Each structure stands twice: as structure tokens, then as C-alpha cells.
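Bear in mind the structure is a predicted one, so any value in this text is a computation, not a measurement.
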Amino acid sequence: VQLVESGGGLVQAGGSLTLSCAASESTFDDYAIAWFRQAPGKEREGVSCVTSGGTTYYADFVEGRFTILSDSAKNRVSLQMNSLKPEDTAVYYCAAAPRGVVIVSSHRLIPSKFISWGQGTQVTVSS
């Protein structure tokens, strides 16, 4: 499956952005779709995920500010981000993991379990 992200940009602290991940084929029955991010000099970290069964996951640092939504009719997963902080600045990637694979350990998404990745979209939050 091929994934393409869009929706990144520059926003002031406290603002909102919605990222979109478009899939090349129907993914919702066969894959979990996640959002990761990577800031300069830091490791890639999981942000949120929705499984084929509709279960959602959020990293602790999200603190209720983000919402992941799936639209099966459009083969699209979005990430609504509110109350953005400068520390949310990063390149955001969407990724797909096959259904049934364990993708969370110690309450963190495992990047190596995801087999398809988009090219990323930059999110910059100014203070």
C-alpha cells in the first residue's frame, strides 16, 4: 500500500492543523494506520494509530489535543491537531502495519512493525 501525507504547514502556538493520509488501496480491513513524527536530532516517535477494528491509540504527550479519524469510503486517515505547541514541530509520517501484528509495546508504537511509509509532511509551530 502506498501512502501520501498532506496538510502540514506553519501555525502559531495554540493553533490547529489537520493532516491527511491517503492510501492507494482500501486499507481499513487489512492494516492499522498510524501517525509518527520526527523532530531534528530526535528519534521517530509514534503519535496516534487506528486499527482495522477501529481501536485508537494516542501517545501520552498528545494529552487529548489530537484526534485520529478514518474514512473508509475515501481510503483516508486524518489527524486533527489542536492546541499545538512548539514542541510538536516535526516531520509527520503516516504508516501502515498488517492486521494482527503487535504494534504497541510499553504504551509506545513500534516503528519496525510498520511496513509502508509516506514521504512525510512538515509541521512547524511558532511560539
Side-chain angles (χ1 to χ4, degrees):
V1 57
Q2 293 181 330
L3 305 171
V4 179
E5 303 95 336
S6 61
L10 173 64
V11 64
Q12 290 187 333
S16 299
L17 279 176
T18 297
L19 306 182
S20 183
C21 175
S24 60
E25 59 189 73
S26 178
T27 60
F28 297 94
D29 290 336
D30 298 324
Y31 297 95
I33 304 295
W35 287 95
F36 289 81
R37 70 184 187 184
Q38 188 166 21
K42 294 188 177 181
E43 292 186 354
R44 190 169 297 190
E45 61 182 356
V47 178
S48 182
C49 183
V50 57
T51 70
S52 58
T55 301
T56 58
Y57 157 91
Y58 296 95
D60 291 343
F61 59 77
V62 169
E63 299 175 323
R65 299 178 297 129
F66 300 174
T67 303
I68 191 167
L69 298 170
S70 60
D71 185 339
S72 59
K74 296 182 178 179
N75 293 339
R76 191 179 298 269
V77 173
S78 62
L79 184 68
Q80 296 179 351
M81 304 188 295
N82 299 319
S83 302
L84 284 163
K85 306 174 183 180
E87 50 264 45
D88 293 318
T89 295
V91 177
Y92 283 70
Y93 301 87
C94 67
R99 183 182 59 181
V101 171
V102 176
I103 57 175
V104 176
S105 177
S106 301
H107 198 59
R108 293 186 178 185
L109 289 170
I110 308 169
S112 62
K113 300 298 185 180
F114 290 79
I115 60 173
S116 296
W117 292 81
Q119 83 289 347
T121 186
Q122 176 71 47
V123 172
T124 303
V125 184
S126 62
S127 57

K.L.:
Any disulfide bond (SG atoms under 2.5 Å apart) involving residues 27-60? Give me the pairs, sequence neighbours left out, ordered by first then second residue.
P.N.:
none
K.L.:
Got a sec, which pairs hit side chain to side chain donor-acceptor pair (under 3.5 Å) with one end in residues 44-54, sequence neighbours left out?
P.N.:
R37-E45, Q38-R44
K.L.:
Not counting sequence neighbours, which residues clear side-chain contact (heavy atoms from CB on, under 4.5 Å) with K113? List them please.
P.N.:
V101, I103, I110
K.L.:
Let's go through T89 and Q122 carefully: what are the C-alpha distance in whole Å and the side-chain angles of both, what is the deciding distance for side chain to side chain contact (heavy atoms under 4.5 Å, CB included) to 0.1 Å, and is it a yes or a no?
P.N.:
CA-CA 8 Å; T89 295; Q122 176 71 47; 4.0 Å; yes
K.L.:
Compile the donor-acceptor pairs under 3.5 Å between side chains in residues 6-24 and protein atoms, sequence neighbours left out, one pair per line.
P.N.:
residue	atom	partner	partner atom	Å
S16	OG	N82	OD1	2.9
S20	OG	R76	NH1	2.9
S24	OG	Q2	N	2.9

K.L.:
Is W117 close to P111 at the side-chain level, that is, under 4.5 Å between some pair of heavy atoms?
P.N.:
yes
K.L.:
Quick one: do V62 and L79 end up in the same hydrophobic cluster if we chain Ile, Leu, Val, Met, Phe, Trp and Tyr together by side-chain heavy atoms under 4.5 Å apart?
P.N.:
yes
K.L.:
Hey, could you give me the OG1/OH distance between T121 and Y92, rounded to the nearest 0.5 Å?
P.N.:
10.5 Å
K.L.:
Between E5 and G120 (side chain of the first, backbone of the second, donor and acceptor by atom type, cut-off under 3.5 Å), is there such a pair?
P.N.:
yes
K.L.:
For residues 55-79, which residue pairs qualify under ring-ring contact (aromatic ring centres under 6.0 Å, His included), counting only residues two or more places apart or in two chains?
P.N.:
Y57-H107
K.L.:
Say whether V91 and V77 are linked into one hydrophobic cluster, either directly or through other cluster members, by side-chain heavy-atom distances under 4.5 angstrom.
P.N.:
no
K.L.:
How would you list, by chain and number, every residue that makes a side-chain contact (heavy atoms from CB on, under 4.5 Å) with S72, sequence neighbours excluded?
P.N.:
F28
K.L.:
Could you work out, with side-chain contact (heavy atoms from CB on, under 4.5 Å) as the rule, every residue matching A96, not counting sequence neighbours?
P.N.:
V1, L3, Y31, I33, S116
K.L.:
Which residues pass the salt bridge (charged side-chain N to carboxylate O under 4.0 Å, His left out) test with E63, not counting sequence neighbours?
P.N.:
K85
K.L.:
Once salt bridge (charged side-chain N to carboxylate O under 4.0 Å, His left out) is applied, what residue pairs with a partner in residues 64-73 remain, sequence neighbours excluded?
P.N.:
R65-D88
K.L.:
Could you note down all residue pairs passing salt bridge (charged side-chain N to carboxylate O under 4.0 Å, His left out) where residues 118-127 supplies at least one of them, sequence neighbours left out?
P.N.:
none
K.L.:
So, using ring pair (Phe, Tyr, Trp, His ring centres under 6.0 Å) as the criterion, who are the partners of F114 when residues are at least two apart?
P.N.:
F36
K.L.:
Among residues two or more places apart or on two chains, list those pairs meeting disulfide bond (SG atoms under 2.5 Å apart) that have a residue in residues 97-127.
P.N.:
none
K.L.:
Could you state the interatomic distance from OG1 (T124) to CG (L84), rounded to the nearest 0.5 Å?
P.N.:
11.0 Å
K.L.:
Between I115 and W35, is there a shared hydrophobic cluster once you connect ILVMFWY residues whose side-chain heavy atoms come closer than 4.5 Å?
P.N.:
yes
